[in-house]
Amino acid sequence: EYVVGSDNSIKVQRPFDFQAWEMQRKNPDRYWATLGNTLGNSSMLHRLQGPLLLLNFVAAAVLFYDVNLVPQGLPALVLPSLPFTLSSFVLGLLVTFRTNSSSNRYVLARKNWGDILNVSRDLIQT
C-alpha cells in the first residue's frame with residue numbers, strides 16, 4: 001500500500017499494535033530484521049543506489065591505482081586544490097541555507113500546530 005499521490009514511491013507504514021510489538025520483542029534477530037527492513041524499504045537509498053555504486057567503484061579504482069600501480073613507476077594522480085576549496089565554500093553555504101530553511105519550516109509547523117490546538121480548545125469551550 002502506498003501514499004496517495006506518490007506514484008507508488010512512498011510506502012504506508014502500518015501502526016504497531018500490541019501483538020506486533022510482542023512478536024517483535026520475542027524475536028532474537030529483531031535488530032537485524034529492523035535494519036534490513038529499513039534499508040530495504042528506503043526510497044532515498046533506492047534513488048541514490050546508482051550514483052553511490054559509481055562513486056564507490058571510482059574510489060576503489062583510484063585506491064587500487066595509488067596503492068599498487070604508483071609504486072611500480074606510474075605517475076601519481078595529483079589534483080589542484082583550488083576547485084575543492086571553492087566548492088567547499090559553496091557547499092557550506094548550501095548546507096547552512098538548507099539547515100535554516102528546515103528550521104524555519106519546523107518553527108512554522110509548531111506555530112500552526114499551536115494554532116490548531118488553540119482553535120480546538122476554543123471550540124470545546126463554547
Other members of the hydrophobic cluster containing [X], with the 4.5 Å side-chain heavy-atom rule, please.
X   : answer
V67 : L63
V78 : none
F57 : L53
Y31 : none

Taking only residues two or more places apart in sequence, or in another chain, which ones meet N56 in a side chain to side chain contact (heavy atoms under 4.5 Å, CB included)?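 For N56, no residue satisfies side chain to side chain contact (heavy atoms under 4.5 Å, CB included) once neighbours in sequence are set aside.
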Identify, with sequence neighbours excluded, every residue that meets side chain to side chain contact (heavy atoms under 4.5 Å, CB included) alongside L52. L48
S120 (side chain) donor-acceptor with I116 (main chain) under 3.5 angstrom: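 Here the side-chain-to-backbone pair exists.
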Do L69 and L77 sit in the same hydrophobic cluster, where Ile, Leu, Val, Met, Phe, Trp and Tyr count as joined when their side-chain heavy atoms come under 4.5 Å apart?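 Yes, L69 connects to L77 through the hydrophobic network.
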Honestly curious: do L74 and V62 fall in one hydrophobic cluster under the side-chain, below-4.5 Å linking rule? yes
If you round to the nearest 0.5 Å, how far is [atom2] of [Y] from [atom1] of [X]?
X    : Y    : atom1 : atom2 : result
L123 : N118 : CG    : CG    : 11.0 Å
L91  : T96  : CG    : OG1   : 9.0 Å
W21  : K26  : CH2   : NZ    : 10.0 Å
S81  : L86  : OG    : CG    : 9.5 Å
F97  : T99  : CZ    : OG1   : 10.5 Å
D115 : R110 : CG    : CZ    : 12.0 Å

Testing the basics here: between V70 and P75, what is the closest heavy-atom pair and its distance to 0.1 Å?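 Nearest heavy atoms, V70 then P75: CG2-O, 4.1 Å.
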Contact summary for P80 and P83, nearest pair of heavy atoms: O-CD, 3.5 Å
Step by step, would you call R98 with S101 a side chain to side chain contact (heavy atoms under 4.5 Å, CB included)? CA-CA 5 Å; R98 288 189 57 124; S101 296; 5.6 Å; no
So for atom OH, which belongs to Y65, do other residues, nucleotides or ligands contribute more than 12 heavy atoms lying within a distance under 6.0 Å?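 Correct, the count exceeds 12.
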